[in-house]
There are 4 protein chains.
Amino acid sequence: MSALDTPIRRRRKDARPQELLDAALELFVEKGFAAARADEVAQRAGVSKGTLYLYYPSKEELLKAVIREHLSTRIAAGAALADQHRGSTSELLREVFGRWWQDVLDSPTSGVFKLVITEVRNFPDLAAFYQREVVEPGERLIGRIVQRGIDDGEFEPLDVACVVHSLMLPMVMCCLHKHSLGACAPHDDHFDPAVFIRSHIDLVLRGLARQTGRPVGRGAR
Amino acid sequence: MSALDTPIRRRRKDARPQELLDAALELFVEKGFAAARADEVAQRAGVSKGTLYLYYPSKEELLKAVIREHLSTRIAAGAALADQHRGSTSELLREVFGRWWQDVLDSPTSGVFKLVITEVRNFPDLAAFYQREVVEPGERLIGRIVQRGIDDGEFEPLDVACVVHSLMLPMVMCCLHKHSLGACAPHDDHFDPAVFIRSHIDLVLRGLARQTGRPVGRGAR
Amino acid sequence: MSALDTPIRRRRKDARPQELLDAALELFVEKGFAAARADEVAQRAGVSKGTLYLYYPSKEELLKAVIREHLSTRIAAGAALADQHRGSTSELLREVFGRWWQDVLDSPTSGVFKLVITEVRNFPDLAAFYQREVVEPGERLIGRIVQRGIDDGEFEPLDVACVVHSLMLPMVMCCLHKHSLGACAPHDDHFDPAVFIRSHIDLVLRGLARQTGRPVGRGAR
Amino acid sequence: MSALDTPIRRRRKDARPQELLDAALELFVEKGFAAARADEVAQRAGVSKGTLYLYYPSKEELLKAVIREHLSTRIAAGAALADQHRGSTSELLREVFGRWWQDVLDSPTSGVFKLVITEVRNFPDLAAFYQREVVEPGERLIGRIVQRGIDDGEFEPLDVACVVHSLMLPMVMCCLHKHSLGACAPHDDHFDPAVFIRSHIDLVLRGLARQTGRPVGRGAR
DNA sequence: AATGAATGAGGGTTCATTCAT
DNA sequence: AATGAATGAACCCTCATTCAT
């Protein structure tokens with residue numbers, strides 16, 4: 001009965017902003033912000049062009065809303081997962097970090113990475129926002145995990161910042177690939193990101209592992 | 001007079017297409033294809049808008065010329081370097097592969113990666129071209145090197161395709177970063193790609209190294 | 001309950017059209033018809049946009065209703081005043097005509113003059129209506145008064161139509177000024193319409209006065 | 001030969017701004033700024049919509065250019081005329097002032113008065129500009145003339161500011177009329193501004209004239 | 001070959017008007 | 001009767017492309 005209480009108009013009105021954000025993300029990621037037409041965003045959200053402007057004052061504000069929507073919350077969720085983890089650092093990275101990126105990749109959020117990479121230079125406020133809300137918290141989070149592994153004697157004491165990048169950049173790249181080359185039709189490209197993500201973490205963990213036998217790498221020459 | 005005059009004019013005239021390509025790459029990478037204006041390309045190349053259209057029949061053809069220009073040759077050069085190398089596979093990856101990526105990053109070619117990622121979905125021909133001319137040759141090249149390391153007993157017999165991606169995706173990501181967030185003003189971000197590239201290769205090589213002692217990784221549990 | 005309820009609601013409902021007309025006049029005069037938005041009219045009248053359209057079928061009809069409302073009645077009132085007057089024609093003009101214009105200027109009707117001037121060319125029906133209902137009756141009324149002054153030997157026998165315009169145009173102009181420059185902020189302009197109206201009538205009456213001494217004006221040369 | 005030297009394109013280019021200003025004034029005066037469409041301005045100037053924007057960056061800047069173009073120079077020209085005059089103050093007003101207004105009325109400048117009256121409230125910068133560049137210089141100019149007439153004993157010592165307004169407001173009103181009611185089709189309105197202007201100045205001069213016989217006006221009661 | 005004035009289709013945005021609630 | 005969400009035609013402005021010079 002309470003569901004019936006809410007008139008249809010109102011129910012639709014409440015849903016509109018999200019529907020518009022979803023449509024906008026899809027289209028902006030697909031074509032880029034400049035090439036995406038406002039009417040097409042509206043159409044894909046099932047409304048007319050004018051309706052879009054009832055909810056967002058301009059295409060640019062829509063872009064910012066799209067980006068804001070997706071990023072900050074994701075990072076916070078990742079941090080919570082990491083804090084809750086009980087077990088070895090290797091396990092934490094393999095299980096939690098791997099699954100988290102897999103989830104991001106499967107969700108529309110993956111597109112936001114492409115969007116940010118593509119559009120930061122046209123919207124400089126984005127740079128500061130993204131650096132502050134996404135890059136830095138994310139790197140701090142993974143950095144702390146890696147550092148813990150070193151402190152615990154599980155990992156070699158390598159440069160933490162570099163390890164963080166070694167771990168994360170391929171993940172981000174998977175997101176970008178999914179929405180660029182990976183979205184183009186003739187897929188003889190047998191690249192499977194799920195397999196790769198696990199494999200990559202394993203490889204990095206092997207590289208991080210405290211060496212008991214003879215050392216490997218530059219120092220060995 | 002014509003003796004002195006001609007060569008100068010001729011040289012400038014011959015240089016026009018290249019100057020236009022350079023300017024176009026710069027601008028397309030900076031703003032994206034759709035947001036870059038044809039006049040600004042011309043202006044940055046030091047010619048008028050009309051001249052641009054004497055050399056390229058449309059903005060879209062200019063884009064394709066820009067991309068064609070940069071990619072195929074780079075890969076061939078990389079392959080030649082690899083073939084000439086004498087020494088261990090680790091050294092080959094560290095020295096040749098590392099330096100080669102450093103060179104790409106320092107050159108305008110790095111921007112092409114951003115451009116391709118950004119624009120493939122709007123220009124589907126690009127996808128096939130890039131896949132065929134860049135991705136596949138590049139992956140084959142690195143794949144062969146990794147395979148050789150395995151065959152020589154220098155590397156663990158891990159999944160070659162995955163290792164190739166672990167090696168390359170961060171490099172590509174460095175290129176993208178340079179032209180997006182990395183180009184935005186407030187750089188307290190102390191990310192140094194040169195350091196990272198070496199560090200990343202080292203880490204991957206550590207992960208690839210044939211384990212003489214107890215094994216590490218998933219299989220160890 | 002309904003006994004108390006009904007009259008209040010009824011009163012408000014009955015008042016709606018007038019409130020809308022008032023708000024519309026205000027806004028149309030301020031911004032011009034084309035630049036005034038229908039929602040703002042409704043909002044200023046304290047109702048929603050939809051309600052406006054319950055009372056007036058279109059913005060244009062609202063404009064016409066606004067203009068019709070204000071003009072005809074004013075003239076009739078002026079005529080009645082003139083007919084009732086007892087005394088010299090000079091006194092009639094000074095007292096009745098002056099006070100009447102002062103009242104118009106102080107009332108929202110003053111805005112209608114601006115509105116008509118501004119909008120006639122876009123709404124040609126307005127021209128005929130205004131000419132027939134306002135200009136002609138008004139000029140006839142003042143014309144008759146001036147003629148009486150001449151007939152009585154109080155005024156020189158000048159061209160009546162011209163004298164009528166000399167009397168009235170500045171008054172109309174005061175109305176326009178009030179709603180254009182006069183409504184703009186930095187008023188070091190110490191123009192006081194009340195003083196001017198009296199002064200202007202005096203000046204014109206001096207000019208109209210039957211000359212007993214040597215003649216003045218063009219004929220004197 | 002020098003006429004042939006200038007290529008047609010260039011000749012047209014030099015003429016465009018003025019052609020656009022003329023068309024814009026015409027249309028803005030006719031329909032009002034908001035109701036005038038940019039394409040129609042362009043069309044009336046014989047160019048396409050895009051061309052308009054090669055010369056003026058926005059419709060609003062076009063409006064400001066139109067107004068700036070017409071006003072300041074007119075006033076300066078009037079002042080020069082007044083300074084050159086030799087003869088009685090009455091003659092100066094009748095001959096110079098009257099002819100000057102007649103010229104304004106016959107020229108497109110007359111429309112600018114309507115435009116300013118109509119649009120000041122939407123463009124507040126206009127108010128200051130118009131007050132400073134037109135109203136004040138104009139009133140000072142006429143004020144000085146009237147004052148001279150008083151000082152010379154030619155005029156009664158009436159309030160100068162009011163006399164100035166009595167002289168000028170009807171003239172401005174004639175300009176407005178020409179572009180509003182006066183421009184509407186069914187002209188049984190036999191109002192002839194040329195006749196009225198002369199008649200009005202005569203009437204005011206009669207009112208200003210030093211009374212040698214018994215005084216007239218309020219003071220007479 | 002080079003220019004840059006001109007074009008006009010196209011996209012962002014507004015707003016009068018409608019209509020389901 | 002009243003509301004305000006929704007519509008879409010229309011308007012301002014941009015910019016890829018053309019072409020006379």
Side-chain angles (χ1 to χ4, degrees), chain A residues 6-14 16 34-43 46-62, chain B residues 9-10 12-13 16 33-43 46-62, chain C residues 9-10 12-13 16 33-43 46-62, chain D residues 6-14 16 34-43 46-62:
Chain A
T6 314
I8 283 178
R9 272 285 179 91
R10 180 53 182 281
R11 267 210 308 281
R12 306 229 47 190
K13 193 203 167 190
D14 292 346
R16 289 271 191 260
R37 270 145 49 235
D39 347 16
E40 204 177 345
V41 171
Q43 207 176 328
V47 299
S48 76
K49 198 173 18 166
T51 302
L52 169 59
Y53 286 89
L54 292 178
Y55 294 92
Y56 298 95
S58 73
K59 201 182 159 196
E60 187 172 335
E61 285 306 316
L62 178 60
Chain B
R9 285 211 178 150
R10 171 62 60 113
R12 301 215 49 186
K13 200 178 80 178
R16 281 282 147 75
F33 176 74
R37 275 146 56 229
D39 341 17
E40 206 178 344
V41 172
Q43 206 177 328
V47 300
S48 77
K49 213 181 348 175
T51 303
L52 170 59
Y53 284 87
L54 291 178
Y55 291 95
Y56 299 94
S58 74
K59 200 182 160 195
E60 188 172 334
E61 286 306 316
L62 178 59
Chain C
R9 288 210 176 152
R10 171 63 62 111
R12 301 216 48 186
K13 201 177 79 176
R16 282 282 147 77
F33 175 74
R37 275 145 57 231
D39 341 16
E40 206 178 345
V41 171
Q43 207 176 327
V47 299
S48 77
K49 211 180 352 175
T51 304
L52 170 59
Y53 283 87
L54 292 179
Y55 291 95
Y56 299 94
S58 74
K59 200 182 158 194
E60 188 171 333
E61 285 307 315
L62 178 60
Chain D
T6 315
I8 282 177
R9 273 284 179 90
R10 181 55 184 278
R11 268 211 307 282
R12 305 229 48 189
K13 194 203 167 192
D14 292 346
R16 290 271 191 258
R37 272 145 47 236
D39 346 17
E40 204 177 344
V41 172
Q43 208 175 327
V47 299
S48 77
K49 198 177 12 169
T51 302
L52 169 59
Y53 287 90
L54 291 179
Y55 294 92
Y56 298 94
S58 72
K59 201 183 159 194
E60 187 171 334
E61 285 307 315
L62 178 60

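Note that the structure is predicted; figures quoted are calculated from it, not measured.
Regarding Tyr55(A), its OH atom lies at a distance of 13 Å from the C1' atom of dT7(F), rounded to whole Å. In this entry the distance linking CG of Leu52(B) with P of dC19(F) reads 16 Å, nearest Å. Rounded to whole Å, atom P of dA2(F) lies 17 Å from atom CD of Gln43(C). Atom CD of Glu40(D) is separated from atom P of dC12(F) by 10 Å (rounded to the nearest Å).
Of the possible donor and acceptor atoms, none in the side chain of Lys59(A) sits under 3.5 Å from a partner among the backbone N and O of Arg37(A). Formation of a donor-acceptor pair under 3.5 Å by the Lys49(B) side chain with backbone atoms of Gln43(B) is not found in this model.
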Whether each nucleotide of nucleotides 13-18 of chain E has a protein heavy atom under 4.0 Å at its base (B), only at its sugar-phosphate (S) or at neither (-) is summarised, 5' to 3', as BBSSBB
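To the nearest 0.5 Å, atom OH of residue Tyr56(D) and atom CG of residue Leu52(D) are 9.0 Å apart. The distance from the OH atom of Tyr53(A) to the CG atom of Leu62(A) is 8.5 Å, given to the nearest 0.5 Å.
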Intra- and inter-strand pairing of DNA chain E, written as dot-bracket with Watson-Crick and G-U pairs under 3.5 Å and | for the latter, reads .||||||||||||||||||||
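Remark: Glu61(B) engages no residue in a salt bridge (charged side-chain N to carboxylate O under 4.0 Å, His left out) (not counting sequence neighbours).
Contact check, Arg16(D) against dA6(E): a side-chain N or O comes under 4.0 Å of OP1 or OP2.
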